[in-house]
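In what follows, a single structure is set out as structure tokens and then discussed.
Just so you know, these numbers use all the heavy atoms, side chains as well, and skip hydrogens, waters and symmetry mates. Index from 1, following the sequence. Start at 1 and go down the list; that is how both ligands and their atoms are numbered.
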Amino acid sequence: MTHVVAEPCHGCKYTDCVEACPVDCFHEGPTMLYIDAEECIDCQQCVAACPVEAIFHEDDLPAAWRGYVEINARLAAELPSITVRKEPLAGG
Ligand code: F3S
């Protein structure tokens with residue numbers, strides 16, 4: 001099981017989730033972040049940390065965003081890890 005970053009992160013990248021994660025499972029793309037399913041320990045800390053509610057347990061993912069399970073797994077493996085909060089794209 002894992003948690004998944006979904007559509008609301010796109011164009012936002014608040015990165016509060018990164019600081020909440022105890023195992024550094026987030027990876028950064030140009031427009032959003034992705035969770036490495038093999039690193040995620042399902043602690044749920046990031047769920048509450050995200051101001052736009054972009055993170056879900058994979059079992060709780062809204063149907064329209066099911067595709068993000070595969071997207072997170074694939075892109076987290078390709079993209080660099082992010083472990084420190086940075087200025088959000090959303091400007092907030
Ligand atoms: Fe994205 Fe929310 Fe993290 S907007 S970068 S999932 S805090």
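At a threshold of 4.5 Å between side-chain heavy atoms, the hydrophobic network of Ile, Leu, Val, Met, Phe, Trp and Tyr places Tyr14 and Val47 in two separate groups.
The two residues Leu79 and His27 come nearest to each other via the heavy atoms O-ND1, 2.8 Å. The minimum heavy-atom distance linking Pro8 with Cys12 is given by the pair O-SG, 3.3 Å. Nearest approach of Val18 to Thr83, heavy atoms of both residues: CG1-C, 3.1 Å.
Closest to atom 3 (Fe) of ligand 1, if we only count protein heavy atoms, is Cys17 SG, 2.3 Å. Closest protein heavy atom to atom 1 (Fe) of ligand 1: Cys9 SG, 2.3 Å. Distance from atom 5 (S) of ligand 1 to its nearest protein heavy atom, with residue and atom name: Thr15 N, 3.2 Å.
For the pair Lys13 and ligand 1, a heavy-atom separation below 4.0 Å is found.
Inclusion of Cys50 in the first shell of atom 3 (Fe) of ligand 1 is not supported: no N, O or S atom falls under 2.8 Å.
Every atom of ligand 1 with a heavy atom of Leu33 under 4.0 Å away is listed here by number and element: 5 (S). With ligand atoms numbered from 1 in the order given, ligand 1 contributes 6 (S) to contacts under 4.0 Å with heavy atoms of Ile55. Annotation for ligand 1: atoms under 4.0 Å from non-hydrogen atoms of Asp16 are 7 (S). With ligand atoms numbered from 1 in the order given, ligand 1 contributes 4 (S) to contacts under 4.0 Å with heavy atoms of Val52.
Dense packing is recorded around CD of Glu19, with more than 12 heavy atoms of other residues, nucleotides or ligands lying under 6.0 Å away.
Between the side chain of Asn72 and the backbone N or O of Tyr68, at least one donor-acceptor pair lies under 3.5 Å.
Between Arg74 and Glu70, at least one side-chain N (NZ, or NE/NH1/NH2) sits under 4.0 Å from a carboxylate O, which counts as a salt bridge.
Using a 4.0 Å cut-off between heavy atoms, Val18 makes no contact with ligand 1 at all.
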